[in-house]
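Order of the sequence lines sets the chain letters (A, B, ...), proteins ahead of strands, with each chain counted from 1. Just so it is clear, the model here is predicted, and its values are computed rather than measured. Values reported hereafter were calculated over all heavy atoms of this structure, with side chains retained and with hydrogens, waters and symmetry mates removed.
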Amino acid sequence: MSDLRETRLEKARTLESLGRPPYALGFAPSHRTAALQQAHADLANGEERAVVVAVAGRVMTRRVMGKLAFFTIADESGPIQLFIEKATLLAAHPEEPDAFAQITSLVDGGDWIGVHGSLRRTDRGELSVKVTDWVMLTKALQPLPDKWHGLADVEKRYRQRYLDLIVSPHIRETFRRRARLVSAMRRWLDDRGFLEIETPVLQTEAGGADARPFATHHNALDLPLTLRIATELHLKRLVVGGFERVYELGRIFRNEGISTRHNPEFTSVEIYQAFADYHTMMDLTEQLLAAACLEVCGDTRLTYQGTAIDLTPPWRRVTMHELVEQATGLDFNTFADRSQAAAAMEAAGLAVPEAADSVGRLLVEAFEQAVETSLEQPTFVMDYPVENSPLARAHRSKPGLVERFELFIVGRETANAFSELIDPLDQRARLELQQLRRQAGDPEAQTVDEDFLHALEVGMPPTGGLGIGIDRLAMLLTDSPSIRDVIAFPLLRPEARERVGTDAVG
RNA sequence: GGGUCGCUAGCUCAGCGGUAGAGCAUUCGGCUUUUAACCGACUGGUCCUGAGUUCGAAUCUCAGGCGACCCA
């Protein structure tokens, strides 16, 4: 089927027959390559150092010239060159006269090998391990992509992320940064007394957000279940239970479209703090994200897709009404009903969707059309219409609005927070309105979660709640244009493809 | 859901109606200071799939598949 694979299989068999198993049990490196490079930075060109080192890595390049060969191997820390001399191998192991021929003919790019040797910096200045012994650790049956061009096919990069990671070191850096981001956020929260508590992914009723869930089924209970679309309602139950600071950082599932900003499963952190309101949560958001950015990027200023972004607190805080008025000249406080608002929007050249059936929903429309993408620097957009925010507390002084903010950075919604609605009667009324919308055909409208309402009747203290999209934050901190660049294995439609055979080796 | 673009050797790509091509990788030969090593020789194809137009299709048309980007 594939000559390249067949050739490598044959080499694996040859190695086996020579007493060099193609799949080793292990290896004990004395150093990672980066540590070696650093420790011997003082070694002059053409000089040798009689230390014994052991390094292991994947063979990235091979250059064989007669009785001398240069390989580059790379471990996770980076590359190092191997200086492989026939005479050196022979002197170290006279009983293995073919060691040089074997390493140059049976080792291919992509193989994992381990070597022992001393150090030598070549005349051209490349620190190298002067090899005295080598072992095959893993024989690769598939070739690596082009060593110069790498993997350009975006589809293949996502489908075979392992290849992408091998040939594109900056992709590995993206996932390192993402890991540091998550870890920094957890540490920041843990240090301030927030408790991470895991809530159910499988739920009989998905709530806490306007989104369609994935449906699944529990066989033993013969129970239809959905995957969670938010962690909100369970974390609030924990606040009712007496935990004053809780959070959960984890996977959320929403059955909706895929784009450069949406993946059906994504990661969020939701944070709840008792006795706090949305102003407190703005302070918390600034401090948390600035600290995480500082830890991941070494600075609170960064560049995203060519735009300088400054995450140094404090950030701009402005109401949605003000932003819309600045952008369009329309003051939504003056509209008595939907038709007035709709006429004004049309006069201003904005689209008026049928589904936006109230002044408040039209305000959000105007915001999305005229403002959202222009909010490049971090901006807290405050005070949303109550219609779009069934879980947020009514505004303390502005009728028809709620105490809610969303954080926008580079034109993207990155966080969402409320002074939480803790009045059980108000909450019931809001959810019942949602239920009506749902019955009228809106599949994203929320349902009435009776147990949640019961919890509120038991009593939730005044609480500030916050949700942050980790993927979008990771995009920002890694300068990645697509959410798929920060998700190791993004969802793709399955590809009908023939897999290679399963021939055993040896 | 709509639009635009892409799919050719393991990888990166050219070819755009007249014999299926290049570089790298692979294979064979040479080479003790290379680092996109070099020199020589060879090998490697369901041109995404199907139908159509044509004397002749990788190339033109239609349908489908997968993907990218933009819009909703």
For atom C1', what is the distance between B/G56 and B/G2, given to the nearest Å? 37 Å

Would you say a side-chain N or O of A/R493 is under 4.0 Å from OP1 or OP2 of B/C66? yes

Atom pair distance, as rounded to whole Å: OH in A/Y158 and P in B/A68: 7 Å

Using the P atoms only, state how far B/C38 lies from B/A20, rounded to an integer number of Å. 30 Å

Quote, to the nearest angstrom, the C1' distance that separates B/U19 from B/G65. 31 Å

Closest-nucleotide mapping onto RNA chain B: is A/T72 or A/E155 further toward the 5' terminus? I mean the 5' end. A/T72

Check whether any side-chain N or O of A/K147 sits under 4.0 Å from OP1 or OP2 of B/A25, and answer yes or no. yes

Using atom CG of A/D164 as one end and atom C1' of B/C11 as the other, report the distance to the nearest whole Å. 14 Å

Pick the C1' atom in B/A58 and in B/A9, then give their distance to the nearest Å. 14 Å

Inspect the contact between A/R251 and A/E265 and indicate whether a charged nitrogen and a carboxylate oxygen are less than 4.0 angstrom apart. yes

B/U8 to B/A68 separation - P atoms, rounded to the nearest Å: 16 Å

What is the distance, rounded to the nearest whole Å, between atom CD1 of A/I258 and atom P of B/C66? 12 Å

Could you please name the option among B/U12, B/A68, B/U32 that lies closest to any side-chain atom of A/K67? B/U32

Could you state the atom-to-atom distance from CG of A/L82 to C1' of B/U32 in whole Å? 16 Å

Name the nucleic acid region contacted by A/A87, choosing base, sugar-phosphate or nothing; use a 4.0 angstrom heavy-atom cut-off, strictly under. base

N or O in side chain of A/R484 less than 4.0 angstrom from B/A68 OP1/OP2: yes

Using the P atom on both, measure B/C11 against B/C48 and round to a whole Å. 13 Å

Taking A/D471 first and then A/R412, would you say they form a salt bridge - that is, a charged N and a carboxylate O separated by under 4.0 Å? no

Side-chain N or O of A/K86 versus OP1/OP2 of B/U32: is the shortest distance under 4.0 Å? no

Which part of the nucleic acid, if any, lies within contact of A/L144, taking any heavy atom under 4.0 Å across all strands shown: a base, the sugar-phosphate backbone alone, or nothing? nothing

With a 4.0 Å cut-off on N to O distance, would you call A/R20 and A/E96 a salt bridge? yes

Between A/E376 and A/Y304, does any side-chain donor sit less than 3.5 Å from a side-chain acceptor? no

How long is the line joining NZ of A/K11 and P of B/A25, in whole Å? 13 Å

Let's see if you can work this out: which of B/U33, B/U12, B/U26 has an atom nearest to the side-chain heavy atoms of A/L151? B/U12

Which is true for A/R62 with a 4.0 Å heavy-atom rule: it touches a base, it touches only sugar-phosphate, or it touches nothing? sugar-phosphate

Classify the side-chain pair A/T478/A/R177 by whether it contains a donor and acceptor separated by less than 3.5 Å. no

Any side-chain donor paired with an acceptor under 3.5 Å for A/T319 and A/D383? no

Answer yes or no: side-chain N or O of A/D146 and base N or O of B/G23 forming a donor-acceptor pair under 3.5 Å. yes

Considering only heavy side-chain atoms of A/L68, the closest of B/U35, B/U32, B/G67 is B/U32

Picking from B/C11, B/U32, B/G67, which would you name as closest to the side chain of A/P145? B/C11

Take the protein atom CD of A/E126 and the nucleotide atom P of B/A36, then report the distance between them rounded to whole Å. 10 Å

Is the distance from OP1 or OP2 of B/A68 to the nearest side-chain N or O of A/S482 less than 4.0 Å? no

Report which part of the nucleic acid A/G46 touches: base, sugar-phosphate, or nothing (heavy-atom distance under 4.0 Å, all strands). nothing

Touch class at under 4.0 angstrom, heavy-atom based, for A/V64 against every strand present: base

Give one of base, sugar-phosphate or nothing for A/K130, where a contact means two heavy atoms less than 4.0 Å apart. nothing

Without decimals, in angstroms, what is the distance between A/D3 CG and B/U26 P? 14 Å

Quick check for you: among B/C11, B/G10, B/A37, whose closest atom lies nearest to any side-chain atom of A/L4? B/G10

Figure out the OH/P separation between A/Y162 and B/G10, and round it to whole Å. 16 Å

Out of B/C11, B/U26, B/G44, which has the shortest distance to the side chain of A/D108? B/U26

Answer with yes or no whether the side chains of A/R484 and A/N263 bring together a donor and an acceptor at under 3.5 Å. no

Do A/R178 and A/T267 have side-chain N/O donor and acceptor atoms under 3.5 Å apart? yes

Side-chain N or O of A/R8 closer than 4.0 Å to phosphate OP1/OP2 of B/U27: no

